[in-house]
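First comes the structure, then the notes that go with it.
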Amino acid sequence: MDDDLELLGSGVDPIAEQFDTYEEYLDKQITAADIFYLEDVSLARQLVELGYHGNGEVIRREEFSQRKQAATDLQLARLNTKAKRLASAGKKFDGLPVLQALQQREESVRNGKLTTIIFIRDKNAKGQEVSGYIDYGHRLKAEQMEAIFERKKRLLPRPTDLSFYNWDTQVSMSNATANFQVIAENEKGLLFKNKRDRKVINVDPKAVPGDNSTRTELQTEEYIQAVIYDHVTRRRA
(Lines give C-alpha, C1' and ligand atoms only; values in the text may rest on other atoms or scores of the structure.)
Protein backbone atom coordinates (compact mmCIF):
# COMPACT_ATOMS: atom_id res chain seq x y z
CA MET A 1 0.00 0.00 0.00
CA ASP A 2 1.25 3.49 -0.82
CA ASP A 3 2.44 5.16 2.39
CA ASP A 4 0.73 8.39 1.31
CA LEU A 5 -2.62 6.66 1.30
CA GLU A 6 -2.31 5.26 4.79
CA LEU A 7 -4.17 6.96 7.58
CA LEU A 8 -2.61 7.44 10.97
CA GLY A 9 -3.86 5.22 13.79
CA SER A 10 -5.94 8.13 15.09
CA GLY A 11 -7.81 8.34 11.78
CA VAL A 12 -5.98 11.50 10.70
CA ASP A 13 -4.85 11.74 7.07
CA PRO A 14 -1.08 12.51 7.22
CA ILE A 15 -1.09 14.49 3.97
CA ALA A 16 -4.10 16.60 4.96
CA GLU A 17 -2.54 17.12 8.38
CA GLN A 18 0.91 18.11 7.11
CA PHE A 19 0.09 20.38 4.16
CA ASP A 20 -2.20 23.41 4.16
CA THR A 21 -2.24 23.80 0.38
CA TYR A 22 -1.70 21.63 -2.66
CA GLU A 23 1.28 23.79 -3.63
CA GLU A 24 2.97 22.97 -0.31
CA TYR A 25 2.40 19.30 -1.05
CA LEU A 26 3.99 19.63 -4.51
CA ASP A 27 6.94 21.58 -3.09
CA LYS A 28 7.73 18.62 -0.85
CA GLN A 29 8.44 16.59 -3.99
CA ILE A 30 10.83 19.17 -5.42
CA THR A 31 14.55 18.99 -4.72
CA ALA A 32 17.17 21.72 -4.70
CA ALA A 33 18.62 20.18 -7.88
CA ASP A 34 15.24 20.61 -9.63
CA ILE A 35 15.21 24.32 -8.85
CA PHE A 36 18.85 24.64 -9.95
CA TYR A 37 18.27 23.09 -13.37
CA LEU A 38 14.73 24.33 -14.04
CA GLU A 39 15.15 27.76 -12.46
CA ASP A 40 11.36 27.95 -12.11
CA VAL A 41 9.32 26.74 -9.11
CA SER A 42 6.03 26.85 -11.04
CA LEU A 43 7.43 24.65 -13.79
CA ALA A 44 8.82 22.22 -11.23
CA ARG A 45 5.38 22.00 -9.59
CA GLN A 46 3.72 21.34 -12.96
CA LEU A 47 6.13 18.48 -13.69
CA VAL A 48 5.42 16.93 -10.30
CA GLU A 49 1.66 17.32 -10.72
CA LEU A 50 1.78 15.73 -14.19
CA GLY A 51 3.70 12.79 -12.80
CA TYR A 52 6.97 13.45 -14.63
CA HIS A 53 8.86 14.03 -11.42
CA GLY A 54 8.52 13.46 -7.70
CA ASN A 55 8.95 10.84 -5.02
CA GLY A 56 6.45 8.06 -5.61
CA GLU A 57 2.87 8.41 -6.79
CA VAL A 58 1.56 11.96 -6.62
CA ILE A 59 -2.07 12.59 -5.74
CA ARG A 60 -4.12 14.90 -7.95
CA ARG A 61 -5.29 18.36 -6.89
CA GLU A 62 -8.91 17.23 -6.72
CA GLU A 63 -8.07 14.32 -4.42
CA PHE A 64 -5.98 16.61 -2.20
CA SER A 65 -8.97 18.95 -1.81
CA GLN A 66 -11.24 16.02 -0.98
CA ARG A 67 -8.85 14.76 1.66
CA LYS A 68 -8.52 18.21 3.22
CA GLN A 69 -12.30 18.47 3.40
CA ALA A 70 -12.56 14.98 4.91
CA ALA A 71 -9.98 15.94 7.55
CA THR A 72 -11.96 19.07 8.41
CA ASP A 73 -15.19 17.07 8.64
CA LEU A 74 -13.51 14.53 10.93
CA GLN A 75 -12.24 17.24 13.25
CA LEU A 76 -15.70 18.82 13.48
CA ALA A 77 -17.29 15.43 14.12
CA ARG A 78 -14.89 14.79 16.99
CA LEU A 79 -15.61 18.19 18.51
CA ASN A 80 -19.35 17.54 18.27
CA THR A 81 -18.95 14.10 19.86
CA LYS A 82 -16.95 15.61 22.70
CA ALA A 83 -19.59 18.28 23.22
CA LYS A 84 -22.38 15.70 23.30
CA ARG A 85 -20.68 13.88 26.18
CA LEU A 86 -20.97 17.00 28.35
CA ALA A 87 -24.38 17.42 29.92
CA SER A 88 -23.92 21.21 30.05
CA ALA A 89 -22.67 21.63 26.48
CA GLY A 90 -24.15 24.50 24.52
CA LYS A 91 -26.17 25.88 27.42
CA LYS A 92 -26.12 29.44 28.76
CA PHE A 93 -26.35 30.21 32.46
CA ASP A 94 -26.21 33.99 32.70
CA GLY A 95 -27.25 35.06 36.18
CA LEU A 96 -27.03 31.47 37.47
CA PRO A 97 -23.62 31.25 39.20
CA VAL A 98 -24.03 27.69 40.51
CA LEU A 99 -24.94 26.13 37.17
CA GLN A 100 -22.29 28.25 35.49
CA ALA A 101 -19.65 27.02 37.93
CA LEU A 102 -20.70 23.40 37.40
CA GLN A 103 -20.54 23.86 33.64
CA GLN A 104 -17.04 25.29 33.86
CA ARG A 105 -15.87 22.28 35.85
CA GLU A 106 -17.76 19.44 34.16
CA GLU A 107 -15.13 18.39 31.62
CA SER A 108 -12.22 18.51 34.11
CA VAL A 109 -14.21 16.51 36.67
CA ARG A 110 -15.23 13.92 34.09
CA ASN A 111 -11.65 13.39 32.88
CA GLY A 112 -10.27 13.12 36.41
CA LYS A 113 -8.13 16.25 36.45
CA LEU A 114 -10.31 17.81 39.10
CA THR A 115 -12.49 16.63 41.97
CA THR A 116 -15.18 18.99 43.21
CA ILE A 117 -17.36 19.01 46.31
CA ILE A 118 -20.45 21.20 46.29
CA PHE A 119 -21.98 22.41 49.55
CA ILE A 120 -25.61 23.41 49.18
CA ARG A 121 -28.10 24.67 51.74
CA ASP A 122 -31.69 25.27 50.67
CA LYS A 123 -35.29 24.05 51.03
CA ASN A 124 -36.45 20.81 49.44
CA ALA A 125 -39.82 20.17 47.73
CA LYS A 126 -41.46 19.70 51.15
CA GLY A 127 -40.25 23.08 52.33
CA GLN A 128 -37.72 21.51 54.70
CA GLU A 129 -34.29 23.09 54.98
CA VAL A 130 -31.55 20.66 53.97
CA SER A 131 -27.82 20.98 53.53
CA GLY A 132 -25.05 18.71 52.43
CA TYR A 133 -21.82 18.09 50.60
CA ILE A 134 -22.15 16.62 47.11
CA ASP A 135 -19.39 14.81 45.22
CA TYR A 136 -19.86 16.35 41.78
CA GLY A 137 -17.99 13.54 40.03
CA HIS A 138 -20.18 10.92 41.69
CA ARG A 139 -23.36 12.73 40.64
CA LEU A 140 -22.11 13.04 37.05
CA LYS A 141 -21.69 9.27 36.89
CA ALA A 142 -24.71 8.25 38.95
CA GLU A 143 -27.44 10.31 37.33
CA GLN A 144 -28.43 12.09 34.15
CA MET A 145 -27.30 15.64 34.81
CA GLU A 146 -28.97 16.99 31.68
CA ALA A 147 -32.14 17.60 33.69
CA ILE A 148 -30.17 19.75 36.13
CA PHE A 149 -28.54 21.80 33.39
CA GLU A 150 -31.84 22.11 31.54
CA ARG A 151 -33.32 23.43 34.81
CA LYS A 152 -36.02 20.77 34.88
CA LYS A 153 -34.89 19.78 38.39
CA ARG A 154 -32.70 21.33 41.05
CA LEU A 155 -29.43 20.06 42.41
CA LEU A 156 -30.07 19.38 46.11
CA PRO A 157 -28.33 17.26 48.76
CA ARG A 158 -29.55 13.69 49.21
CA PRO A 159 -29.10 11.13 52.01
CA THR A 160 -26.81 9.23 49.58
CA ASP A 161 -24.38 12.15 49.15
CA LEU A 162 -21.09 12.63 51.01
CA SER A 163 -22.93 14.40 53.79
CA PHE A 164 -26.62 15.21 54.30
CA TYR A 165 -28.54 16.98 57.04
CA ASN A 166 -32.26 17.77 57.26
CA TRP A 167 -32.67 20.67 59.69
CA ASP A 168 -36.37 19.94 60.24
CA THR A 169 -36.24 16.18 60.87
CA GLN A 170 -32.68 16.16 62.30
CA VAL A 171 -31.76 13.32 59.95
CA SER A 172 -28.01 13.18 59.37
CA MET A 173 -26.21 10.88 56.89
CA SER A 174 -22.72 10.48 55.47
CA ASN A 175 -21.37 8.20 52.76
CA ALA A 176 -18.05 7.54 51.09
CA THR A 177 -17.88 7.75 47.29
CA ALA A 178 -15.42 6.53 44.70
CA ASN A 179 -13.58 9.84 45.08
CA PHE A 180 -13.78 10.70 48.77
CA GLN A 181 -13.67 9.16 52.22
CA VAL A 182 -15.66 10.94 54.94
CA ILE A 183 -13.85 11.75 58.19
CA ALA A 184 -16.65 12.81 60.53
CA GLU A 185 -15.25 12.19 64.01
CA ASN A 186 -12.39 14.67 64.06
CA GLU A 187 -11.41 17.60 66.27
CA LYS A 188 -11.10 19.75 63.14
CA GLY A 189 -14.69 19.02 62.18
CA LEU A 190 -15.91 17.40 58.98
CA LEU A 191 -13.13 16.40 56.59
CA PHE A 192 -13.02 14.64 53.24
CA LYS A 193 -10.02 12.59 52.11
CA ASN A 194 -9.39 12.32 48.39
CA LYS A 195 -8.94 8.63 47.58
CA ARG A 196 -6.65 9.30 44.64
CA ASP A 197 -3.87 11.33 46.28
CA ARG A 198 -5.05 10.96 49.91
CA LYS A 199 -5.04 14.73 50.47
CA VAL A 200 -7.55 16.01 53.02
CA ILE A 201 -10.06 18.77 52.30
CA ASN A 202 -11.13 20.84 55.30
CA VAL A 203 -14.54 22.41 54.68
CA ASP A 204 -14.41 24.68 57.73
CA PRO A 205 -14.85 28.19 56.27
CA LYS A 206 -12.35 29.56 58.80
CA ALA A 207 -9.67 27.00 57.89
CA VAL A 208 -7.37 26.54 54.92
CA PRO A 209 -9.03 23.97 52.60
CA GLY A 210 -5.81 21.97 52.17
CA ASP A 211 -3.11 21.19 49.62
CA ASN A 212 -4.16 21.77 46.01
CA SER A 213 -7.63 22.77 47.22
CA THR A 214 -9.63 25.98 46.97
CA ARG A 215 -12.88 27.21 48.49
CA THR A 216 -15.25 29.39 46.46
CA GLU A 217 -18.42 30.80 47.97
CA LEU A 218 -20.94 31.69 45.27
CA GLN A 219 -23.14 34.74 45.55
CA THR A 220 -26.42 33.46 44.16
CA GLU A 221 -30.17 33.61 44.49
CA GLU A 222 -30.45 29.99 43.34
CA TYR A 223 -29.82 28.67 46.87
CA ILE A 224 -29.64 29.92 50.45
CA GLN A 225 -25.95 29.05 50.36
CA ALA A 226 -23.62 27.45 47.81
CA VAL A 227 -19.91 26.76 48.21
CA ILE A 228 -17.58 24.89 45.88
CA TYR A 229 -14.43 23.07 46.97
CA ASP A 230 -12.08 22.24 44.11
CA HIS A 231 -9.22 19.81 44.49
CA VAL A 232 -6.63 19.32 41.74
CA THR A 233 -5.74 15.66 42.00
CA ARG A 234 -2.19 14.43 42.15
CA ARG A 235 -1.72 10.69 41.86
CA ARG A 236 0.64 9.32 44.50
CA ALA A 237 4.10 8.33 43.29
Would you give the length of the straight line joining atom [atom1] of [X] to atom [atom2] of [Y], rounded to the nearest 0.5 angstrom?
X: F180; Y: K193; atom1: CZ; atom2: NZ; result: 13.0 Å
X: R110; Y: K141; atom1: CZ; atom2: NZ; result: 9.5 Å
X: L218; Y: I228; atom1: CG; atom2: CD1; result: 4.5 Å
X: T115; Y: D135; atom1: OG1; atom2: CG; result: 7.5 Å
X: R196; Y: H231; atom1: CZ; atom2: NE2; result: 9.5 Å
X: L99; Y: Q104; atom1: CG; atom2: CD; result: 11.0 Å

Between [Y] and [X], is there a side-chain heavy-atom distance shorter than 4.5 Å?
X: V130; Y: F164; answer: yes
X: Q225; Y: E217; answer: yes
X: L156; Y: I134; answer: no
X: R105; Y: L114; answer: yes
X: W167; Y: Q128; answer: no
X: E143; Y: K153; answer: yes

What I want to check is whether the side chains of [X] and [Y] have a donor and an acceptor closer together than 3.5 Å.
X: T233; Y: N194; result: no
X: Q170; Y: Y165; result: yes
X: E24; Y: Q18; result: no

### Task
Salt-bridge test for R215 and D230: reply yes if a basic N is under 4.0 Å from a carboxylate O, no otherwise.
no

### Task
May I ask you to say whether R151 pairs ionically with E222, meaning some side-chain N is under 4.0 Å from a carboxylate O?
no

Check: [Y] main-chain N/O paired with [X] side-chain donor or acceptor under 3.5 Å:
X: N175; Y: D161; value: yes
X: Y136; Y: L102; value: yes
X: K91; Y: A87; value: yes
X: D122; Y: I224; value: yes
X: K68; Y: F19; value: yes

Is there a path of hydrophobic side-chain contacts, each under 4.5 Å between heavy atoms of I, L, V, M, F, W or Y residues, that connects [X] with [Y]?
X: V232; Y: L140; answer: yes
X: V200; Y: L190; answer: no
X: L162; Y: M173; answer: no
X: V109; Y: I118; answer: yes
X: I120; Y: L96; answer: yes

### Message
Please identify which of these residues, E150, R139, E106, meets the side-chain contact (heavy atoms from CB on, under 4.5 Å) condition with M145.
### Response
R139

For residues [X] and [Y], report the shortest heavy-atom separation together with the two atoms involved.
X: N202; Y: A207; result: ND2-CB, 3.5 Å
X: G127; Y: D168; result: O-OD2, 4.5 Å
X: P157; Y: S131; result: CG-C, 3.7 Å
X: K195; Y: A176; result: NZ-CB, 4.1 Å

### Message
Which residues pass the side chain to side chain donor-acceptor pair (under 3.5 Å) test with S174, not counting sequence neighbours?
### Response
none

### Task
Go through the steps to decide whether Q66 and R61 satisfy the test side-chain contact (heavy atoms from CB on, under 4.5 Å), and finish with yes or no.
CA-CA 9 Å; Q66 291 172 348; R61 186 180 296 270; over 6 Å; no

### Task
Please check if the distance between the ring centroids of Y133 and F192 is under 6.0 Å.
yes

